[in-house]
Structures are given as C-alpha cells and as structure tokens.
Amino acid sequence: MTQQFEKVRALTGMKDILPHESAAWETLEAIVRDWLASYGYRNMRTPVLEQTRLFARGIGEVTDIVEKEMYSFRDALNDEQLTMRPEFTAGMVRATIEHNLLYDRPQRVYCMGPVFRHERPQRGRYRQFHQIDVEALGFAGPDVDAELIIMLARLWKRLGLQDIRLELNSLGQQEERAAHRQALVEHLEKHIDVLDEEAKRRMYTNPLRVLDTKNPAMQDMANQAPRLFDFLGPESLAHFEGVCARLKDAGIEYTLNPRLVRGLDYYNLTVFEWVTDRLGAQGTVCGGGRYDGLLELLGGKPAPAVGFAIGMERLLDLWQQSEAEIKASECDIYVIHQGDEAQRRAALLAETLRDEGYRVLVHAGSTGFKSQFKRADASGASVALIIGPDELAAGHASVKWLRQQEGDTRAQQEMLAFDAIAATLKTRM
Ligand code: ATP
Ligand code: MG
C-alpha cells in the first residue's frame with residue numbers, strides 16, 4: 001500500500017493566478033507595454049535573486065523592508081547571503097552600473113514581474129505580488145518628474161479608473177533634511193511618552209520614518225511635527241514648483257502632503273503617491289519619486305534618477321471595479337465533430353484556420369453533439385464549425401454563429417465547403 005501523500009498547498013500570501021483570472025492580467029500587461037512604449041520606455045529584466053547587501057544598502061537598513069520583510073537565505077553552495085527582490089529599483093540600478101548603461105545617454109527603462117515581502121497577508125497585501133517599475137535614469141528633472149506623473153494619469157485614463165488622486169511632496173536635499181532632522185528629533189524627544197516601541201527605536205536612526213506611522217495614538221504628534229517642506233531652500237522649492245507648473249499645464253490636480261515620506265530611504269526632492277479610497281486600507285496604487293543619490297551609493301558614477309512602482313494587484317482590483325467584464329474568450333472558432341474520421345478532418349481544418357491567424361479549439365474526446373455545443377458556447381468562441389458524417393461525405397462543414405446580436409443579418413447556420421471556410425470567415429467575422 002502506498003502511503004497517503006499530504007496535499008501541498010501554496011504558501012500563505014502567494015496566490016495562484018488561474019486561467020479565468022489571467023485574461024485580465026494579460027490584457028493589463030499588454031496595455032501597460034503599449035503605454036510605456038508610447039513614452040519611449042524599454043523593458044529590462046533583472047534576476048529575482050540578488051545579494052542581500054544590495055537591498056540593505058540600496059533600500060536602507062532602517063526600513064520596514066530590510067528590517068523585517070525580506071526573504072533572505074544563505075546559499076550554502078557559494079556561501080553567499082541572498083535575497084529575493086522585495087522591489088525592482090535596487091536591482092535595476094545595479095544592472096545599470098554593472099553594464100555601464102549611462103555611459104553615453106540617459107535611459108528610460110521598466111521592469112514588470114513578481115517581488116517578495118514577508119508581510120501579514122490581507123486584501124491588497126501579499127507576500128508575492130507584482131510591480132510595474134519605471135525608472136528614468138540620468139535625468140535631473142523637474143521635466144521628467146512631471147512627465148512620469150503625467151504618464152501615470154494617462155494610464156489611469158486609459159483604464160477608466162475612478163477616484164484616484166495624486167499626493168505630492170518634496171524631501172529636499174541632504175542639508176535641508178539634516179536641519180529638519182534636528183528639529184524633528186527634538187520634537188520626538190518632547191513627545192517621547194506617545195511614541196511606540198518602533199518609533200523609539202527609529203527616532204535617532206530614521207526619524208522621518210516615524211512620521212509615516214499608522215499608529216492612531218501618534219497622529220497628533222506627527223501632525224504637529226516640524227515639516228520638512230518648511231526647511232526647503234530656494235533650489236529645492238524651484239524644482240518642486242517646476243514639477244507643479246507642468247502638472248498644471250497638463251490639467252492634473254494634486255494635493256501637497258507634507259507628511260508623505262515613502263517607505264524607502266533613498267528618495268530626495270520629488271515624492272508622490274497615487275491613492276484611492278476604493279481599496280480599503282491598502283489604498284496606495286503607485287508610489288515614486290526622485291533618488292539622485294542611489295547610483296553613487298551603490299558604487300556607480302553619480303547620476304540623477306527618478307521613478308515609480310505600481311502595485312499590480314491593487315491596480316487590477318481598482319480596474320475591475322470599473323471594468324466588470326475583462327473576460328477573454330478561449331478561442332475564436334470551436335470545432336465540433338463526430339466519428340474518428342471527422343475528428344481527423346477537423347484537426348486538419350483547424351491547422352489551415354490557424355494559418356490564417358484564428359485561435360481554434362478542436363473538441364477533444366468523443367462526446368455527443370449536445371455537450372460539445374455547450375463547450376463551444378462556454379469557450380466564448382464566436383463561431384462553431386460542425387463536422388458530422390453527412391458533412392464529411394459532402395466535403396462541407398456547418399457553420400453556426402454563436403454570438404449573434406439583434407440586427408445581425410448573417411444566417412444563423414449555413415454550409416461551407418472545407419476549402420472555402422477560411423476565406424468566407426474572414427469576410428464575416
Ligand atoms: P505600503 O505602504 O502599502 O506598505 P510601500 O510603501 O511598502 O506600500 P512600495 O515599496 O512603494 O510600497 O511599493 C510600490 C507599490 O507596490 C505600492 O504602492 C503598492 O501598490 C504595492 N505594494 C507594496 N507592498 C505590497 C504588498 N505586500 N502586496 C501587494 N502590493 C504591494
Ligand atoms: Mg510596505
């Protein structure tokens with residue numbers, strides 16, 4: 001007797017995307033690729049695994065991601081500490097430096113795919129999720145900062161999204177942040193009694209992140225904290241105003257959110273998020289900003305850069321609220337047959353139809369006509385071809401239109417010679 005095998009299940013927070021869901025994903029991906037191409041962005045693909053120290057350095061030691069969310073392990077074979085990418089930017093910047101991509105011109109690039117974070121799973125928060133990550137490397141802005149935001153507005157419009165709004169802030173430059181930091185630490189020290197453990201731990205290492213807290217007991221303290229925006233000098237303000245002016249040109253509304261600091265350490269100047277109230281607690285669909293120091297921090301020649309990441313699960317969730325039916329059909333033509341010989345004729349016919357670019361499903365197995373028709377209907381095909389013994393003898397197939405709407409003048413069912421089918425369908429479909 002074989003021992004019973006205990007069923008294996010997918011890991012918590014890591015979802016299977018099943019055939020009935022993948023149509024929406026593929027449609028979205030196709031729209032996204034067109035959209036990115038229309039702004040001259042080119043795809044790049046970096047490995048899922050990188051050295052842990054890339055993320056520790058690139059994202060920042062004192063961040064949620066590096067402190068507690070990374071899937072890291074030691075590769076005993078090479079004695080290396082590795083991490084599954086929790087975001088794309090660090091890997092893309094590493095690749096840019098490693099292959100010297102900026103040697104003669106700036107680069108507009110994007111990645112799309114899974115990233116991994118060990119978080120508590122809930123709606124809009126998974127352990128394997130997908131991002132569209134877009135980076136403009138070697139551009140100082142503010143024109144490109146604005147272009148990225150305007151580009152996002154175009155995508156939302158293309159998808160028909162509703163209730164998505166833009167929040168904007170500037171994190172200034174290092175000296176401005178240093179001055180603000182001092183004032184902020186003093187403020188935190190004064191309110192030490194309301195700080196939670198995490199805040200106390202971070203108040204000297206990354207005080208700005210303390211303001212990013214979701215703890216309700218700390219909101220008053222955070223609201224009264226000195227605002228980094230008030231510490232910006234004329235150059236940083238001019239950059240910010242440069243972005244705002246271009247958004248205004250494009251008719252894009254925004255709100256200044258002085259508490260917007262983003263989860264990652266490497267940002268400066270422009271930061272932004274697109275948020276919605278339609279997704280429950282996880283309402284940030286896209287976050288981004290400028291990170292002029294990162295290339296140098298990771299060992300490259302200094303170069304300015306700006307980019308954003310979209311969470312695809314959240315985007316799909318929002319899109320599906322406005323687009324109820326993103327269901328794609330399995331095929332254009334479903335071929336029904338009866339008898340061994342008819343099946344073989346059907347398979348041949350299907351090949352000639354595929355030559356013409358049609359998506360064709362030939363029914364598999366010997367079932368009655370009735371259940372084959374049901375399958376044909378469920379497949380979403382617009383036409384069924386039927387080959388029974390009579391049709392086979394006459395060299396014809398019956399053609400049945402499955403999705404006729406009112407006013408459609410095509411005969412519901414007709415006979416066509418095998419060698420005329422492809423040409424005739426072309427004029428009718
Ligand atoms: P949050 O504040 O929601 O944790 P974050 O600041 O960690 O977001 P980023 O690192 O900026 O998020 O990632 C970019 C986008 O990826 C987010 O705006 C969000 O749409 C999406 N995202 C982040 N974490 C998750 C997750 N665990 N599951 C699904 N989507 C996520
Ligand atoms: Mg997070």
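It should be emphasised that the depicted structure is a prediction, and the values quoted were computed from it without experimental measurement. These values consider heavy atoms only, across backbone and side chains, with no hydrogens, waters or symmetry-generated copies. Atoms within each ligand, like the ligands themselves, are counted from 1 in listed order.
- The Lys214 neighbourhood of ligand 1 comprises atoms 2 (O), with distances under 4.0 Å to a heavy atom of that residue.
- Close contacts between ligand 1 and Gln131 involve ligand atoms 13 (O), 14 (C), 15 (C), 16 (O) [criterion: under 4.0 Å to a heavy atom].
- Scanning all heavy atoms of the two residues, the minimum distance from Gly289 to Phe272 falls at N-CE2, 3.8 Å.
- Near Ala309, meaning under 4.0 Å from one of its heavy atoms, ligand 1 places the atoms 14 (C), 15 (C).
- When all heavy atoms of Arg177 and Leu171 are compared, the closest pair comes out as NH1-O, 3.1 Å.
- Between Tyr126 and ligand 1, at least one pair of N/O atoms sits closer than 3.5 Å.
- Neither side chain, Gln51 nor Arg57, offers a donor N or O lying under 3.5 Å from an acceptor on the other.
- Some N or O of Thr284 is nearer than 3.5 Å to an N or O of ligand 1, by distance alone.
- Other residues, nucleotides and ligands contribute over 12 non-hydrogen atoms within 6.0 Å of the NZ atom of Lys68.
- Tyr291 is listed as a side-chain neighbour of Val93, based on a closest heavy-atom distance under 4.5 Å.
- Within the set Gln122, Arg123, Arg117, Gln128, the minimum heavy-atom distance to atom 10 (O) of ligand 1 is found for Arg117.
- Of the residues Val362, Ile336, Leu349, the one that meets the side-chain contact (heavy atoms from CB on, under 4.5 Å) test with Leu385 is Leu349.
- Residue contacts with ligand 1: Glu87 is excluded, as none of its non-hydrogen atoms falls under 4.0 Å.
- Comparing Gly124, Gly288, Gly311, Gly287 against atom 21 (C) of ligand 1, the shortest heavy-atom distance belongs to Gly311.
- In summary, of the residues considered (Leu316, Leu318, Val32, Ile31), a side-chain contact (heavy atoms from CB on, under 4.5 Å) with Leu159 occurs for Ile31 alone.
- When the heavy-atom distances from atom 3 (O) of ligand 1 to Glu313, Arg125, Gln282 are ranked, the shortest goes to Arg125.
- Considering backbone and side-chain atoms together, Ile310 places no N or O closer than 3.5 Å to any N or O of ligand 1.
- At least one cation-pi condition fails for Arg314 and Phe129: the charged atom is not both under 6.0 angstrom from the six-membered ring centre and inside a 45 degree cone around its axis.
- In Asp64, neither the side chain nor the backbone holds a heavy atom less than 4.0 Å from any atom of ligand 1.
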